[in-house]
Amino acid sequence: NKFFTEEENDLNSRFLNEGYILTDILDRDNLNRIHNKIVEITSDYFGDSIEDRSRYLDQIHNRISVSKLNHFRLHVFHQINGEEWFREVYYKLAKYLLDIIVGNELAMQLRVNLSIQLPNDDSSLLPVHADVWSGDSPFEVVVWLPLVDCYGSKTMYLLPPSSTKKLQENSNELIGKSSED
C-alpha cells in the first residue's frame, strides 16, 4: 500500500502471512499502569504485601489452587473492567498496530477478557477453537497482552494461516464433530 511506510507494509505482510504479530509495547507507562493495577487487585484479594511488583504475577500460581482459579479470575476481571480508564488504555497499547492492520474504524468489545493459565494445569485450557465458531466476527482482531513471562505451559498456540486454510477447505468433513475431533 503506497499510503504506508515500508515498516507498516512489512507489518501488514507479517500479519497476513503468519496470522499474528508479536511485538514489544511502545507505551511502557500504560502497560505498567495496567500491570500495577492487576497486581494491586491480586494482592488485595490474597492480602499480600508486595516486595517485587515486577515478578509478583509470575509467582501467583503458588497462591491459588486450580479449584479457586475461576473465582479469582472473575474477581480480577470485574475489578479491572470496573476501572473507568482501563479500556481506553488497553486499546491505546495496540492502537498503532490496529490502525495498520485493520484501519481506524473499529468497534471494541465492552469488557476486556482475562485468561489465566496455571503452569501444567490442563483443566483450564481452552479447547481448540476459532472465535468465529461461536458467533464472533471473522473480521475480529484479538489483542493478547501477557502480564507474566510466557514460556512452556504458560503460552498459547495459534494455528498458522496455511493450516487454517486447509482446515476451512475440508470443513465439510468436520460436520458433526467436536472442536477437539
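Just the heavy atoms: all of them, side chains too, but no hydrogens, waters or symmetry mates, feed the values below. These numbers were taken from a predicted model, which means no experiment stands behind them.
- Separation of atoms NE2 (His78) and CZ (Arg111) is listed at 8.0 Å; rounding is to 0.5 Å.
- Here the CD atom belonging to Glu83 is positioned 8.0 Å from the CZ atom belonging to Arg33, to the nearest 0.5 angstrom.
- Tracing side-chain contacts under 4.5 Å through hydrophobic residues (I, L, V, M, F, W, Y), one reaches Met108 starting from Leu114; they form part of the same cluster.
- For Glu18, the CD atom is densely surrounded, since the number of other residues' heavy atoms within 6.0 Å is greater than 12.
- In Leu22, the CG atom is not crowded: 12 or fewer heavy atoms of neighbouring residues, nucleotides or ligands sit closer than 6.0 Å.
- Considering CG of Leu118 and CG of Leu69, their distance stands at 4.5 Å, rounded to 0.5 Å.
- Annotation: the span from Ile80 atom CD1 to Ile34 atom CD1 amounts to 7.0 Å, rounded to 0.5 Å.
- Under 4.0 Å is where a charged nitrogen must lie from a carboxylate oxygen, and between Asp27 and Lys92 no such pair does.
- Within 6.0 Å of OH in Tyr20 there are 12 or fewer heavy atoms belonging to other residues, nucleotides or ligands.
- Between Tyr45 and His71, the side chains place a donor N or O and an acceptor N or O closer than 3.5 Å (distance only, hydrogens not considered).
- Applying the ring pair (Phe, Tyr, Trp, His ring centres under 6.0 Å) test to pairs two or more places apart or on separate chains, those with a residue in residues 82-122 are Phe86-Tyr90.
- One finds a salt bridge joining Lys95 and Asp99 here, because a Lys/Arg side-chain nitrogen approaches an Asp/Glu carboxylate oxygen to under 4.0 Å.
- Defined by atom type and a distance below 3.5 Å, a donor-acceptor pair is missing between the side-chain atoms of Glu6 and Asn9.
- Within the model, atoms CZ of Arg63 and OG of Ser43 stand 10.0 Å from one another, a figure rounded to the nearest 0.5 Å.
- Ile38 and Leu74 end up in different hydrophobic clusters when Ile, Leu, Val, Met, Phe, Trp and Tyr side chains are linked at under 4.5 Å.
- Hydrophobic clustering, with ILVMFWY side chains joined whenever heavy atoms are under 4.5 angstrom apart, keeps Phe4 apart from Leu26.
- Taken from CG in Asp10 to OG1 in Thr5, the straight-line distance is 9.0 Å, to the nearest 0.5 Å.
- Residue Gln59 qualifies as enclosed at atom CD: its count of foreign heavy atoms under 6.0 Å is above 12.
- The number of heavy-atom neighbours closer than 6.0 Å to CZ of Arg53, taken from other residues, nucleotides and ligands shown, is above 12.
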